[in-house]
Each structure stands twice: as C-alpha cells, then as structure tokens.
There are 2 protein chains.
Amino acid sequence: MSRGLDAALRLVRAQAALMKRFDAGLGGLHGVSLADFTMLLRLSEAPGDRMRRVDLAEALGLTASGVTRGLVPLERIGLVRRDADARDARVAYAALTETGRERLADMLVTAEHVAEDIFAEPPWTKEEAAQLAGLLSRLGGTGFTRREPGGA
Amino acid sequence: MSRGLDAALRLVRAQAALMKRFDAGLGGLHGVSLADFTMLLRLSEAPGDRMRRVDLAEALGLTASGVTRGLVPLERIGLVRRDADARDARVAYAALTETGRERLADMLVTAEHVAEDIFAEPPWTKEEAAQLAGLLSRLGGTGFTRREPGGA
DNA sequence: GACACCTCCTTGACTACTCAAGCATATCTC
DNA sequence: GAGATATGCTTGAGTAGTCAAGGAGGTGTC
C-alpha cells in the first residue's frame, strides 16, 4: 500500500476516534455534538454572527438539507435564531443568539480541554500540532479562522 | 483557538472530503463504499483472510452491530463468507471469499488512484505523506498493515 | 448438574446525514 | 408583464452507523 493511501485510511480512522472524544466531552457537559459545536463555531466567525444557511452548508461541507436538519435542535433550545432577509424572501439566515454566544464560549473551553487531552498522551509538541494542521489544510477541508493574517 | 483544536477540527473536515472522493471512486467502479473497502482490506490482512466478527469490529473502530450490518451486503454479493467456529458456537468468522480477494485487488488499484489524485494537487512529496501518516498514527487510529517492517 | 455470570452476535429503535423532489421567490429575456 | 430558468430552503425516503435489549452458547462454583 502506498504512503498516500495509508495516510488517507489512517485519517479516516483517526477522525472517528476524535469525534467520539469530542462528542463525549461536549455532550456530557453541554448536551451538544461535535457537529453542533462546529456549526455554532462557524456562525461565531461570520460577521454579525450570522450566515445564510446555504453558505453555512458550504462552509461545513454539508448539503443544505443537512443544515436544515442540524439547526432544528439548536433553534429549539434557543442557541440559534432564524432571521429573514429584507431584500430576498428566499434566503434565511442562521444567527447566533446571545445565549448561543454564551454557551459557545463554555463549549469552546470544553473543546480545548478535549483537544489538550488528545494531544497530551503521547505528548505532542506545538510544532507537531502545527505541522499536522498545516498538512491537513491542504486536504480540502477549508479549516477555520479564515481571516487572513493582518486582515479584520 | 489552540493549534491542537484547530488541527482536530481540520482533521474532521478533511475526513469528510476524503471519504467523498473514495466513495465516488470505489462506488463508481466497484459498487462499494469506503467503509466496505476498509472492511475487506482488514480481512485481507488477517491470517487466513478471516477474523472473528468482534475482532473485526475492534479493528475498524465499530461496534459489533455495525459489523453485522456492514457485512450483510458484502455477504449477499458473495465477497465475504460466514464461517462457524468448530469449538465455540457463539463465534462466527467473517472470511474473504475467492471472489472477494479478486475484487479487493481491483478495488485496491482504484483506491491507490484516488489517493494519488488526492495527494497530487497540490503536489505532496513522499516525505510529507509519510509525515502525515506518522502524525496520524498517534491519534488512536490503529492503522493498517500492522506487519512489522522486515516481516512478511 | 443447576445456577449465576460472561461473551458473541443480532435486532429494534434512534440519529445524522444523503439525494431527489418540490415549493416559493428572484431574475432574465423578449 | 409573462414565461423560462435559477436559487434558497424544506421534506420524504433511504443509508450507515449508534445504543440497549435479548437470545444462544460457554464457563465456573458449589
């Protein structure tokens, strides 16, 4: 097996393990999944803490229906609000509520703890984690914090 | 956001993109998903091309029911056979059939093509791919080809 | 050899997505 | 301004997994 295929298969396997750990941490403390957290985090990075649902789908690598379904529980528990567009009645925005912002801040703390745990044993150096992030950023995942260095 | 969390989130996102590409390549040519391919590949690495279903689950990071459900279509199309254990009537083996071995060889060619594609643009060096595989092997994914270097 | 207990596996009910279809609204062309 | 086409979103049906429960078989103790 080539190095590339080996790396790809390892990546798929690693993802499942990571997802379980984040789901456990976030679910236990905040009752949300990693997918929920990721949605909220993405919204928090958008100007005005809101995005058109179709853009959110694109950013998360989901389909529009995935976003519709994923947002339902977050709207129900009041973390996300649905805003209409004044100019175009087709579009609906997903917007973080005040509660959503607060809860997300807590979730972020938890997520950082989980990440620390993951990279603690065996211990990773900052350089290795950065190297991993760098290599992964080449693989189609758009990644977070797109703000250009020096921008904003 | 810490480097670790950033890397973890990128990894989750990258996995989804990779899985889609493998599913498209393998599904189009062989009618199987990446999950199917991974199951077959694992079996092919086991002595006698067979494993107890519970061990297969462990190796793939699935639950026992995930294996039961995942094997059903592979048994139906004759790539995997169900073997009983002579000593212990509880255990059932999942075993690659002759057809399964042949088809897997073809799938492996396709998977290598997909992996080549993935790492071709932007071009990765062998060292970078190896580096990625190395970093990922630390993240709970047991990885493939457990045979030690020098073995087999 | 009867009982408790453990292991392997499957099943029913659920979750989180997908795709295909459909509805509502915009936009473009004439 | 009417029709064709494109866009944004939701919904129904299907897929791939999860967990909890349970059946069938093995094991250990007395």
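Every chain is numbered from 1, with letters handed out A, B, ... down the list of sequences. Note that these values count all heavy atoms, side chains included, but never hydrogens, waters or copies made by symmetry.
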The criterion is side chain to side chain donor-acceptor pair (under 3.5 Å); which residues satisfy it with [X], sequence neighbours excluded?
{"X": "Thr63(A)", "value": "Ser65(A)"}
{"X": "Asp88(A)", "value": "Arg90(A)"}
{"X": "Asp83(A)", "value": "Arg50(A), Arg81(A)"}
{"X": "Arg52(A)", "value": "Asp55(A)"}

* How far does CG of Leu132(B) sit from CG of Leu139(A), to the nearest 0.5 angstrom? ->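 These two atoms lie 6.5 Å from each other.
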* Rounding to a whole Å, what distance do you find between Asp23(A):CG and dC19(D):P? ->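 To the nearest whole Å, that distance equals 10 Å.
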Extract all donor-acceptor atom pairs below 3.5 Å that involve side chains of residues 68-80 of chain A and protein atoms in other chains or at least two apart in sequence.
from     : atom 1 : to       : atom 2 : distance (Å)
Thr68(A) : OG1    : Ala64(A) : O      : 3.3
Glu75(A) : OE2    : Arg53(A) : NH1    : 3.1
Glu75(A) : OE2    : Arg53(A) : NH2    : 3.4

Throw together a table of side-chain donor-acceptor distances under 3.5 angstrom for residues 105-113 of chain A, partners on residues two or more places apart or in other chains.
from      : atom 1 : to        : atom 2 : distance (Å)
Thr110(A) : OG1    : His30(A)  : NE2    : 2.6
Thr110(A) : OG1    : Asp106(A) : O      : 3.4
Glu112(A) : OE1    : Ser2(B)   : OG     : 2.5
Glu112(A) : OE2    : Ser2(B)   : N      : 2.9

Polar atoms only, N or O, under 3.5 Å: list the protein pairs with nucleotides 15-18 of chain D and their distances.
from    : atom 1 : to       : atom 2 : distance (Å)
dT18(D) : OP1    : Thr63(B) : N      : 3.4
dT18(D) : OP2    : Thr63(B) : N      : 3.4
dT18(D) : OP2    : Thr63(B) : OG1    : 2.7
dT18(D) : O4     : Arg69(B) : NH1    : 2.7

List the atom pairs, donor and acceptor, that lie under 3.5 Å between side-chain atoms in residues 14-29 of chain A and the rest of the protein, sequence neighbours left out.
from     : atom 1 : to       : atom 2 : distance (Å)
Lys20(A) : NZ     : Gly61(B) : O      : 2.9
Asp23(A) : OD1    : Leu34(A) : N      : 2.7

* **Span of DNA chain C in contact with chain A (heavy atoms, under 4.0 Å)** => dC17(C) to dA26(C)
* Contacts of type salt bridge (charged side-chain N to carboxylate O under 4.0 Å, His left out), residue Asp49(B), not counting sequence neighbours -> Arg101(B)
* Give, ordered by number, those residues of residues 82-91 of chain B having at least one heavy-atom distance below 4.0 Å to an atom of DNA chain C; if nothing qualifies, reply none. =>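 Those residues are Arg82(B), Arg90(B), Val91(B).
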* **Residue list, ring-ring contact (aromatic ring centres under 6.0 Å, His included) with Phe37(A), at least two apart or on another chain** => none
